[in-house]
2 protein chains.
Amino acid sequence: MSLHCNSLHIAVAAQYGLGMALDHAILVSLHERSATGYDLARRFDASIGRFWRASHQQIYKVLGRMEAAGLVASELVVQDGRPDKKVYSITADGTAELVTWLATPTPREALRSEFAVKLRAMHLGDRATLVAQVRQRRDEHVEQLAYYEASREKYYPAPPSPDSEEAGPYLVLRGGISGERHAISWCDEILAFVGQS
Amino acid sequence: MSLHCNSLHIAVAAQYGLGMALDHAILVSLHERSATGYDLARRFDASIGRFWRASHQQIYKVLGRMEAAGLVASELVVQDGRPDKKVYSITADGTAELVTWLATPTPREALRSEFAVKLRAMHLGDRATLVAQVRQRRDEHVEQLAYYEASREKYYPAPPSPDSEEAGPYLVLRGGISGERHAISWCDEILAFVGQS
DNA sequence: TTACTCATGTAATGAGTTACATGATTTA
DNA sequence: TAAATCATGTAACTCATTACATGAGTAA
């Protein structure tokens with residue numbers, strides 16, 4: 001990488017201080033495959049979205065900002081029978097920004113659990129409502145787990161090589177699976193504790 | 001509860017639509033014990049704060065809003081040698097709001113994991129950096145787990161009754177413990193996968 | 001004819017962070 | 001003499017959500 005490109009990249013990285021995490025999530029997604037804002041919104045609703053959710057409005061806003069900063073570039077594709085679309089791709093600067101970001105330490109994310117806050121105050125409510133809510137929550141986690149496990153069987157019948165491009169997505173999926181299992185077992189513990197297992 | 005009080009409470013609940021979750025976290029904390037904004041900031045930094053983090057600026061803002069809405073009331077306490085302080089307490093309306101909120105369904109919180117996004121793009125970075133980051137993250141979870149387990153031994157040598165006021169905090173703490181264990185085992189899986197266990 | 005998919009946005013509002021501001025007392 | 005504790009806030013800003021807006025094609 002040339003010196004010029006490097007200093008440009010440092011300037012861009014300075015603009016992109018920590019905390020602009022949606023930006024990086026989009027860059028990662030675009031690095032995997034170019035896409036329209038609409039496509040990204042759907043991706044964030046499906047695979048990646050289980051770990052990072054974003055509305056299309058927010059995505060368009062961030063895409064515009066990143067295009068102005070030169071991290072992504074768009075190409076207008078005219079379609080007939082369908083609205084025209086802008087296909088976004090990551091640029092060299094965008095990839096450089098990603099690499100810098102990868103090397104920066106990741107702050108512990110503040111896990112904000114409204115459920116935990118409610119649980120803490122459970123003695124103020126009635127038990128039947130609590131049990132119903134925990135059961136519903138458990139069901140959602142079971143459903144999510146099934147979805148993850150189906151994905152794992154479909155896309156990774158055998159674990160990929162640690163050096164391949166699939167290594168990251170695979171490990172994230174494994175984290176999703178164990179995360180759902182943990183959530184389910186916590187629900188079970190709560191139900192057992194209040195005597196409704 | 002009188003009809004008048006009931007309709008008042010419905011009006012307040014209407015103002016407090018879903019999504020104002022810090023408000024409810026503060027109400028829960030004040031229901032446990034009256035406190036100043038400063039106290040709350042410290043509580044959010046310690047016990048509750050592991051599940052809900054908030055800055056003192058944000059807390060003061062929300063306290064002002066909730067006092068205007070009649071959910072909390074403050075009493076000025078003049079001190080000498082120290083700055084005067086405002087001690088906030090939850091009101092009957094505040095407690096009613098909490099009870100209503102407890103009965104409303106809890107939407108699945110969008111888990112935003114910057115770490116997961118980075119992991120997904122790991123093939124763009126070098127392995128040593130990844131390993132160092134995962135190790136550091138693991139250490140933090142180990143430390144947090146030790147803190148939780150010490151709390152559990154200290155405050156709950158035996159599990160509380162499911163009907164007591166401690167039941168909620170106890171279950172939240174248990175969730176914290178199993179959550180940390182899960183996080184640690186995910187880190188271990190990642191390290192083993194990239195061959196650095 | 002109702003609703004869904006494709007496709008892109010603006011406007012208003014709310015939630016949260018960072019920086020700034022003050023000032024006495026106590027501890028190292 | 002420097003820093004930490006106690007105590008409360010304002011101002012500026014960013015991030016994210018909700019509501020609103022348009023409009024053709026396609027499937028039930």
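By convention in this document, chain letters (A, B, ...) are assigned in the order of the sequence lines, proteins followed by strands, and residues within each chain are numbered from 1.
Legend: side chain to side chain donor-acceptor pair (under 3.5 Å) pairs involving residues 74-85 of chain A, not counting sequence neighbours, sorted by first then second residue: A:Glu67-A:Ser74.
Between C:dT8 and A:Tyr38, no contact under 4.0 Å exists linking OP1 or OP2 to a side-chain N or O. Within the structure, every side-chain polar atom (N or O) of A:Thr36 is placed at least 4.0 Å from both OP1 and OP2 of C:dC6.
By the salt bridge (Lys or Arg N to Asp or Glu O under 4.0 Å) test, B:Arg181 is found to be paired with B:Glu149, residues two or more places apart in sequence or in another chain being considered. Under the rule for a salt bridge (Lys or Arg N to Asp or Glu O under 4.0 Å), the partners of A:Asp163 that lie at least two apart in sequence or sit in another chain are B:Arg127. Under the salt bridge (Lys or Arg N to Asp or Glu O under 4.0 Å) criterion, B:Arg112 pairs with no residue, sequence neighbours left out. Under the side-chain hydrogen bond (donor to acceptor under 3.5 Å, both in side chains) criterion, A:Ser178 pairs with B:His182, sequence neighbours left out. Residues that satisfy the salt bridge (Lys or Arg N to Asp or Glu O under 4.0 Å) test with B:Glu166, not counting sequence neighbours, are absent from this structure. For B:Gln58, the side-chain hydrogen bond (donor to acceptor under 3.5 Å, both in side chains) test picks out no residue, with sequence neighbours left out.
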> A:Glu32 and A:Arg43: salt bridge (Lys or Arg N to Asp or Glu O under 4.0 Å), yes or no, with the steps?
Replying inline: CA-CA 11 Å; A:Glu32 291 171 7; A:Arg43 278 188 211 171; 5.4 Å; no
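End-to-end axis angle for the helix from C:dT1-D:dA28 to C:dA28-D:dT1, using five pairs per end and rounding to 10°, comes out at 40°.
Annotation: proximity of residues 83-90 of chain B to DNA chain D (heavy atom, distance under 4.0 Å) is found for B:Pro83, B:Asp84, B:Lys85, B:Lys86, numbered in ascending order.
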Mind listing the N/O atom pairs, protein and nucleotides 17-19 of chain C, below 3.5 Å?
from	atom 1	to	atom 2	distance (Å)
C:dT17	O4	B:Lys61	NZ	3.3
C:dA19	N6	B:Gln57	NE2	2.9

Output a table of nitrogen or oxygen pairs between the protein and nucleotides 26-28 of chain C separated by less than 3.5 Å.
none

Report each atom pair, protein N/O against N/O of nucleotides 1-4 of chain D, whose distance is under 3.5 angstrom.
none

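Put simply, the residue from A:Arg137, A:Gln136, A:Arg138 that forms a side-chain hydrogen bond (donor to acceptor under 3.5 Å, both in side chains) with A:Glu140 is A:Gln136.
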